[in-house]
**Q** 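One structure coming up, written as structure tokens, with questions to follow.
Per chain, numbering begins at 1; letters A, B, ... match sequence-line order. Predicted model only: the values in this text are computed from it and were never measured.
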Amino acid sequence: MKSMSNTKDMTMKQWLHNKKRRSYSVILLIFIGLCVTVAVSLIGILIGFILYRGLGHISWEFLTTARSALRGTIGILPNILYTFYLIITTLLIVLPIGIGAAIYLNEYATNRRLVRIIEFTTETLAGIPSIIYGLVGFLLFAQGLGLRVSILAGALTLSILSLPTIVRTTQEALRTVPLSYREGAFALGATKWYMIRTIILPSSIDGIITGVILAIGRMVGESAALLFTAGTGYALVTNYFQALGTSGGTLSVALFVYATEHGNFNVSFAIASILVIIVLLLNFSVKLVKRKLRKVK
Amino acid sequence: MNIISANKLSLHYGDFQALRDIDLDVPAREITALIGPSGCGKSTFLRTLNRMNDLIPGVKITGEITYHGEDIYAPQVDVTALRKSIGMVFQKPNPFPMSIYDNISYGPKLHASLSKSELNDLVERSLHGAALWDEVKDRLKKSALSLSGGQQQRLCIARALSVSPDVLLMDEPTSALDPASTMKIEELMGQLKQDYTVIIVTHNMQQAARISDKTAFFLTGDLVESGQTDQIFTLPRDKRTEDYITGRFG
């Protein structure tokens, strides 16, 4: 209001050509521009440095063999397989539970207070440091259930770790479906489950898949929760069911092991660049999924 | 003959009473218009007729609604069957995010397993019934969301017709549409009443006067007056009805 009173002392030209107001916005614009530049270039430098240090050490042999102490060669095929097994197993466990829970919370639960408590709990779970999940998983699955340090124990731990993310992203996707679709289906005599199956899930599938891909990205990058539960094994096991019972280090864990136990940073950076590429690909696939599945709508 | 009757129907949302002792008979194969200012309970009443209010938590209904003499709130009533017989068209067109064809075949697939050709026939008949066939017959596989607002609303009418209901509930079906589309839907309703009982909620009193046979006037949860549309609009018995239809409030 103060500036308004100034109009009395100014000509209209002075008022309209107010330099002070304009210079404020120019300063702000420069500041914001700087922030963006710093943020983008940090990411750029980080990715560029990792790829520069790592890509040169990746060879066909590196990707397709197991490490051999006798021959003194290093290969990460087992770690690639373990990462893959772990993700598949985790998804098999967490998707039915997580998506089912989200559907229940969003479509069936009538006790709003209970829903709020559950949502608060899942959000809190999502904020717990993953090393704690590792510790709990070790005590609960590896020792308590007698699964020992194995891919299965790791997958169960990762399932708990990613459950909150899956529940939340699925719930958010379900919430985007307008009430009018539900009403339209009910008014035709659809039962609730039929409506969910034919209307709600198809029209929220892009959001659900996006959430799953982002969760996979987190699994790929997870190390702390797996160190105690899935372990650091590097023997080549191609049989999936046999692998479930063996200790196996994922790529992220292998990165850690090579850097700390062997001091071999060339291998660590090679693995790091593979991880960066995987995560970038996953993020691009999110965009692709959104575009492809949106078209159906 | 009355197809639907409400007897002493009251409805509460929690502590708030939205409908108070409503008695109303709906004659078969006529258009009954429910009019009244916003918040008077006319849409709430409409939604009790196919039990759409069941979806809202905290709703309590007392009194009785009979459909062909049967109490629709009796515990053994199959809501699915009730909603198949009493179809509904909403204020905002709400086609599903799928093709025109799939929108129409959605309902029939729910209730019966039909062959491909039976479904094709049904889709064509329903679209004819909603006077939409000629406009969409060449693009049945296109997304229903590509249609104009007026076409989408007629698609929703066709979708409601696809399960061969006996009553059509329409909740301000033209309030989101332009005048040309509104006229098409009004004309369509004139045809529909030959085969269906239509109950329409409308804000537009001219619309009620133009198309309906019977009119019921709601005010703050009470049914003030109901009767033949001619009588309501020319010789209202209640002072409040007269004030409303002459535009003194609302």
**Q** As an exercise, state the distance from CG of B/Leu110 to OG1 of A/Thr198, rounded to the nearest 0.5 Å.
**A**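 If we round to the nearest 0.5 Å, B/Leu110:CG and A/Thr198:OG1 are 7.0 Å apart.
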**Q** Does some side-chain heavy atom of A/Phe186 sit less than 4.5 Å from a side-chain heavy atom of B/Arg51?
**A**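 Not touching, per the 4.5 Å side-chain cut-off.
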**Q** One thing to verify: whether A/Glu183 and B/Lys92 come together as a salt bridge, which I'm taking to mean a side-chain N less than 4.0 angstrom from a carboxylate O.
**A** no
**Q** Could you tell me whether the side chain of B/Arg83 reaches within less than 4.5 Å of the side chain of A/Leu188, counting heavy atoms only?
**A** no
**Q** Would you say A/Lys192 has more than 12 foreign heavy atoms packed within less than 6.0 Å of its NZ?
**A**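 Count over threshold, so yes.
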**Q** Any non-hydrogen side-chain atom of B/Phe90 less than 4.5 Å from a side-chain atom of A/Ser180?
**A** no
**Q** Chain A: which of B/Asn50, B/Leu55, B/Asp78 shares the most heavy-atom pairs with it under 4.5 Å?
**A**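 Result: the option with the highest number of such pairs is B/Leu55.
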**Q** Output the option from B/Gln91, B/His111, B/Met88 having the highest count of non-hydrogen pairs under 4.5 Å with chain A.
**A** B/His111
**Q** Give a yes or no on this: more than 12 heavy atoms of other residues, nucleotides or ligands lie within 6.0 Å of atom OH of A/Tyr108.
**A** yes
**Q** With a sphere of 6.0 Å drawn around OH of B/Tyr13, does it hold more than 12 non-hydrogen atoms of other residues, nucleotides or ligands?
**A** yes
**Q** So, for B/Arg159 and A/Gly184, which heavy atoms are closest and what is the spacing to 0.1 Å?
**A** NH2-CA, 3.9 Å
**Q** Would a 4.5 Å heavy-atom cut-off, applied to side chains only, mark A/Ile199 and B/Tyr106 as touching?
**A** yes
**Q** At a heavy-atom separation under 4.5 Å, does B/Pro165 approach chain A through its side chain, its backbone, both, or neither?
**A**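 Neither part.
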**Q** Take a 6.0 Å sphere around NZ of A/Lys287 and say whether it holds more than 12 heavy atoms from other residues, nucleotides or ligands.
**A** no
